[in-house]
Amino acid sequence: MTVRTRFAPSPTGYLHIGGVRTALFNWLLAKQAGGQFILRIDDTDAKRNVAEALQPILDGFRWLGIDWDEGPTDDGADSVGPQGPYFQSQRLERYQQAAIQLLESGLAYRDYSGADFVKEREAAEKAKTNFVYSRNWMAESDEQAAAFEAEGRTAVVRLKMPREGKCEFTDLIRGEQSYDWELEPDHVIQRADGTCLYHLANVVDDHDFQITHVVRAVEHLSNTPRQIFIAQSLGYQLPQYAHLPYVAEPGSKKKLSKRNIDKYLHNKDFKRLYQAGVAIGERIGIQPDPSTFNPVLVDFYRDIGFLPDAVVNYLLLLGWSLDDKTEFFSKDEMLQQFSLERVVKAAASFDAQKLTAFQQHYMDQLPVKQKVNRCLKFLQSADLASTPPDCDLGTYLQTIIVAAGDRICMAGDILKFDFFFVDDEKLVFEEKPFQKRMVKPEGAGELLSQFADALQNLPDDQCDAEQLEAFVNTFCESASIGLGDIIHALRVATTGKAAGFGMFETMAILGKQRCLNRIGLALTKLQTIVAN
RNA sequence: GGCCCCUUCGUCUAGCGGUCUAGGACUCCGCCCUUUCACGGCGGCAACACGGGUUCGAGUCCCGUAGGGGUCACCA
């Protein structure tokens, strides 16, 4: 039997990190068995522009390398696959057929209760008793229906649920499950206007698409009995069920939700990641709106230069493990090793710091050329392209990336080192360090000026990091000062910042002329400040 | 509230009755390396929710208790 799994997002405009994990597990289960992974769009209730709200979700999956065998086309405008369409909004007829079949077999009925149903339910809630619908407005014959209609009532279709016995099924993760049928109310499966609801559509589609394994989050566990009822009533063969734990909030066990971003921002690690993202985002024109750009959403990671494999690897280990030590998995290894048996039952909190650690690891492993390509995109987006004379941007960038080592965790971090890529006259000297290192220390300007004169005479072919270091040391000796007396001012003057990587390396990369230019600009600025 | 689920270091987890004075990873803290930072190396802090059983023996099985969570729509 071919394993077929599915993930069924609603077109909401964003791809949630918890959803990705569910999709990933589905994908792994199908692909490791040589089966198919299907993307189905649950838009039965969507009144918005589906294509537009679907696009970010499709893009997200493509970026992560979670490819679907059947489902919407990449632009979300159409479907590909033998059982299409894969949009629920386009499958209404199928659901209606199923509703008729249920009606005809007496396992569903037309219900004319309207608001009376709610009244009964509320009364039961008030009395603190289990609610069992009286079925007073149930119409099982056309005569009954006509009578209710004469009262001006309209009908929905409800499931005629069993009122005794148990629903038993096996969950691949949670084992044997048993639910009392009497606790299941008569769910509505079709509205008065003929449109159908989730449970019906879901079961019909899973059957039509020949889904063999329904792998979804636990919040659906309690939906399973009614779906089993529908499937059995329709004569469908039941799929296997597996209910994953949900992904929880940072530092708590509550379900992670895009609605509570403000709350997560109080979490130290989450906030740090978010702020790192915002710092990058604002340089490349992303609105710092936490409702559309935050670490719960997959776009966030792509936008700031995470590696998709890092995100996937992290998510794999959120609720699953192979053993007591293996941390890193390539896609192939995941496909080889994944199994539902090893899925953890408890909810797992989202940990921004650990995700970042995975990113750091994957970035370290990435060949330099690829790092260059990724960082280059951010420079271009931020409109940064200034290089030393006779040096092309790619080569220059590579030098910087090598020197930066692991200081570039996500590709967008290259923007922290923007001073390498701005024209000298556009270099911004940060106020605080400039005050501290240039303005405040007595004679700093004078010293720097002398240094510039000396540097001017240093032959161009002696400007690598090592020789520069020797040169600076010699200068310090002759001026009878310590290295610390000049190096800080020198850093601020050449980079505008208080911190960076090795000073001599930085100077070597910038080149002598640009260092001189910048020192000159810093001295001019200093004079202006002193004059005022 | 009803029903259901879950419970090992701060976090992700290993553990399927003895090999557990509970292992790994992230974080944190030391030390080493490095003229600085980062990396790296070494080391450290830190957990079986509680109470009863069962058993020669329980983190591991059973039952309670507590806590946490999910779900109870003409949403999906």
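Not measured: the values here are computed from a predicted model.
A salt bridge links D42(A) with R40(A); the closest basic N to acidic carboxylate O contact falls under 4.0 Å. Residues E430(A) and K497(A) are paired through a salt bridge, judged by an N-O separation under 4.0 Å between the basic side chain and the carboxylate. Under 4.0 Å is where a charged nitrogen must lie from a carboxylate oxygen, and between E249(A) and K254(A) no such pair does.
Applying the ring-ring contact (aromatic ring centres under 6.0 Å, His included) test to F504(A) and every residue at least two apart in sequence or in another chain returns nothing. In this structure, Y241(A) has no side-chain hydrogen bond (donor to acceptor under 3.5 Å, both in side chains) partners at least two apart in sequence or on a different chain. E341(A) is linked by a salt bridge (charged side-chain N to carboxylate O under 4.0 Å, His left out) to nothing, counting only residues two or more places apart in sequence or in another chain. Shown here are the salt bridge (charged side-chain N to carboxylate O under 4.0 Å, His left out) partners of K255(A), two or more places apart in sequence or in another chain: E219(A). For E505(A), the salt bridge (charged side-chain N to carboxylate O under 4.0 Å, His left out) test picks out no residue, with sequence neighbours left out. E327(A) meets the salt bridge (charged side-chain N to carboxylate O under 4.0 Å, His left out) test with no other residue; sequence neighbours excluded.
Side-chain polar atoms of S257(A) and H16(A) form no donor-acceptor pair below 3.5 angstrom. When only modelled atom types and interatomic distance are considered, D205(A) and Y95(A) share a side-chain donor-acceptor pair under 3.5 Å.
Rounded to whole angstrom, the span from the CG atom of L183(A) across to the P atom of rC3(B) amounts to 7 Å. Rounded to whole Å, the distance from NZ on K166(A) to C1' on rC3(B) is 11 Å. Note: CZ (F358(A)) to C1' (rU27(B)) measures 13 Å, nearest angstrom. When rounded to the nearest whole Å, the span between CH2 of W181(A) and C1' of rC3(B) equals 14 Å. For the pair Y179(A) OH and rG2(B) C1', the interatomic distance rounds to 13 Å; values are reported in whole Å. Whole-Å rounding puts the F270(A) CZ to rU27(B) P distance at 19 Å. Atoms CG (N267(A)) and P (rU27(B)) sit 15 Å apart, rounded to a whole Å. Regarding K325(A), its NZ atom lies at a distance of 10 Å from the P atom of rA25(B), rounded to whole Å.
The separation of rC6(B) from rC45(B), taken at their P atoms, amounts to 33 Å, rounded to a whole angstrom. Across the C1' atoms, rG24(B) and rG44(B) are found 16 Å apart, a figure rounded to whole Å. Of the C1' atoms belonging to rA49(B) and rU7(B), the separation is 7 Å, rounded to the nearest Å. The separation of rC12(B) from rC48(B), taken at their P atoms, amounts to 16 Å, rounded to a whole angstrom. Nucleotides rC28(B) and rC72(B) have their C1' atoms positioned 42 Å apart, rounded to a whole Å. Using C1' as the reference atom, rC75(B) and rG59(B) are 41 Å apart when rounded to the nearest Å. Taking atom P in both rC39(B) and rG30(B), one finds a spacing of 14 Å when rounded to whole Å. Using P as the reference atom, rC26(B) and rG52(B) are 38 Å apart when rounded to the nearest Å.
Nucleotide rG1(B): paired with rC72(B) (Watson-Crick or G-U wobble, both distances less than 3.5 Å). The partner of rU35(B), taking Watson-Crick or G-U wobble pairs whose two distances both stay under 3.5 Å, does not exist in any strand shown. Nucleotide rA14(B) forms a pair with no other nucleotide shown, judged by Watson-Crick or G-U wobble geometry with both contacts under 3.5 Å. The partner of rU21(B) is absent, by the rule that a Watson-Crick or G-U pair needs both atom distances under 3.5 Å. For rA66(B), the paired base is rU7(B) (Watson-Crick or G-U wobble, both distances below 3.5 Å). Base pairing annotation: rG43(B) forms a Watson-Crick or G-U wobble pair with rC29(B), both donor-acceptor distances under 3.5 Å.
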Enumerate the protein-to-nucleotides 63-66 of chain B contacts in which both atoms are nitrogen or oxygen and the separation is below 3.5 Å.
none

Every protein N/O within reach of nucleotides 43-48 of chain B N/O, cut-off under 3.5 Å:
none

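Between F350(A) and Y264(A), the distance separating the two ring centers is not shorter than 6.0 angstrom. Aromatic rings from F358(A) and F328(A) are positioned such that their centres are separated by under 6.0 Å.
Residue pairs that meet the salt bridge (charged side-chain N to carboxylate O under 4.0 Å, His left out) test with at least one member in residues 5-26 of chain A, sequence neighbours left out, are R6(A)-D206(A). Within the structure, salt bridge (charged side-chain N to carboxylate O under 4.0 Å, His left out) pairs that include any residue of residues 109-121 of chain A comprise R110(A)-D142(A), D111(A)-R158(A), D116(A)-K119(A), D116(A)-R153(A) (at least two apart or interchain).
Of the listed nucleotides (rU35(B), rA38(B), rC4(B)), rU35(B) has the atom at the smallest distance from the side chain of E469(A).
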* Does the pair H187(A) and L197(A) meet the rule for a side chain to side chain contact (heavy atoms under 4.5 Å, CB included), with working shown? -> CA-CA 10 Å; H187(A) 299 94; L197(A) 268 359; over 6 Å; no
* Reading nucleotides 71-76 of chain B from the 5' end, what letters show protein touch, with B for base, S for backbone sugar-phosphate only, - for no heavy atom under 4.0 Å? -> S-SBSB
* Can you give one letter per nucleotide of nucleotides 6-16 of chain B, 5' to 3': B if a protein heavy atom sits under 4.0 Å from the base, S if only from the sugar-phosphate, - if neither? -> SS---SBSSS-
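Nearest-nucleotide positions on RNA chain B for G502(A) and N130(A) put N130(A) closer to the 5' end.
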